[in-house]
Amino acid sequence: MKVVERIRLPPPEEREAALRKAGYNLFQLQSDDVYIDLLTDSGTSAMSDRQWAAMMLGDESYAGSRNFAHFESTVRELTGFPHIIPAHQGRAAENLLFSMMAKPGTIVPNNMHFDTTRAHVERNGAKAVNLAIAEAYDLQSPYPFKGNVDVPRLEQLLAHEGAAKVPLVMVTLTNNTGGGQPVSLANLIEVQRACRVAGVPLYLDMCRWAENAFFIREREPGMGAVSIPEIGRRVFDLAEGATMSAKKDGLVNIGGFVATRDAALAGRLKEQLILFEGFPTYGGLARRDLEAASVGLREACDLDYLTHRIGQVRYLAALLEAEGVPFVRPPGGHGIYLDVARFLPHLPTSELPGQSLVIELYREGAVRTVEVGAVMFGDGESDGHAPLELVRLAIPRRVYTSAHLAYVADVVRRVWERRDQVRGVRMVEAPERLRHFLAKFAPAV
Ligand SMILES: *Cc1c(COP(=O)(O)O)cnc(C)c1O
């Protein structure tokens, strides 16, 4: 480490006051009141020396910046997609793609929609349908690819609705909403076949494609000697395009893109881009940010890095496992997802057990986590599935040491030991869309 950042453990009374002030919504906390921040792994990574050096090479020209040329060639080489449209982050890429493709009355299937993905699909009047395999909903199942799409259900939907009603199929690598679980190459090949038969383009949400490739290499027969970039190419070759938040496997603090093989669509995306994000050679970013992303995208493919990264998640999993703490198995790529129904079985859904646990982990040790459950995905899924009730401990990339993670495990253990006394909360203010970001809560009475 060449740079260190001071963190501070606020005393219990400060934590209590901070919670009250935040309306018991951890998105509303000041980061100075947080000791270990596992709210998200998005844009919270530490950049490398090479990335910081790249930041100094910024060519801040409005048009034709050489940093964009480097970024474009990097993404083209990694993905094989010819048209690269930069955007300031993943949801901006989603806005571009879905505002072009998702029309009122259409249906967008995904293994599991992430919160912003779902919100963009619905904002454009389309229906977001989740088609993950049954194992994704069995939190204890050891199945190695719980991010997989249920292909028979996808085929059924495509046969029933046809290309006119389904503008695209999306698969999220890895499945963030379902525990950071990977999708197998074999599954993607089948999904692509189903899409081709129906004449529907396949797009990938490639936020964590390198972590997904790590799991393919580790778990899929015959893949053990294939490099991460080569696995990536086999995956991307199956798709028409992708959206990406470079704040994940791009190892930058801001950035993203849409990539596609469809030249006509790319033209329309660029028009939209100029209106909302900026000229196509910067897309809402400083050009130096694009340069850092070009370096980060390659660093994310490094096997030593990925082994360390996913190793950290497994280290925390092992510590929690030893205490009998229930979490989604097997541990995924970017964090631990606590199984709230098993953690707080005495709290009914109406008392928002996931949010209650998030509050309690902060109260116990100033650890900030995020609810992925009834608050984030409220009314459940369009196919009638109740949302999974999870608390995500997202691990930022290259930020924390094992000692920090051991502290986190200890905080979780302390709450686990007094779990019977954890009380529920209710929502007292709820915005209509993406309500978890701005909602306010109060202790249930
Ligand atoms: C983070 C994320 C997004 C949105 O990206 P932002 O950069 O946060 O806007 C979309 N899909 C998935 C799976 C994500 O994890």
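Both backbone and side-chain heavy atoms feed into the values below; hydrogens, waters and symmetry mates do not. Counting starts at 1 for both ligands and their atoms, in listed order. We count residues from 1, following the sequence as given.
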Inset, instruction - Kindly say whether the aromatic ring centers of Y407 and Y35 come within a distance under 6.0 Å. - result: yes
Inset, instruction - Kindly assign one of parallel, tilted or perpendicular to the pair Y282 and Y62, based on the angle between their ring planes and the thresholds 30° and 60°. - result: perpendicular
Inset, instruction - Under the ring pair (Phe, Tyr, Trp, His ring centres under 6.0 Å) rule, collect the residues that match up with Y315, sequence neighbours excluded. - result: none
Legend entry - Residues forming a ring pair (Phe, Tyr, Trp, His ring centres under 6.0 Å) with H404, sequence neighbours excluded: Y400
Inset, instruction - Heavy-atom cut-off of under 4.0 Å around ligand 1: list whichever protein residues fall inside it, by chain and number. - result: S42, Q89, G90, R91, E94, F114, T116, T117, T172, N176, D205, C207, R208, S245, K247, K248
Inset, instruction - Using the ring-ring contact (aromatic ring centres under 6.0 Å, His included) rule, collect all pairs that involve residues 178-211, keeping only residues at least two apart or in two chains. - result: W209-F236
Inset, instruction - Determine the interplanar angle of the H334 and Y337 rings, folded into 0 to 90°, and report it as parallel if under 30°, tilted if 30 to 60°, perpendicular if over 60°. - result: perpendicular
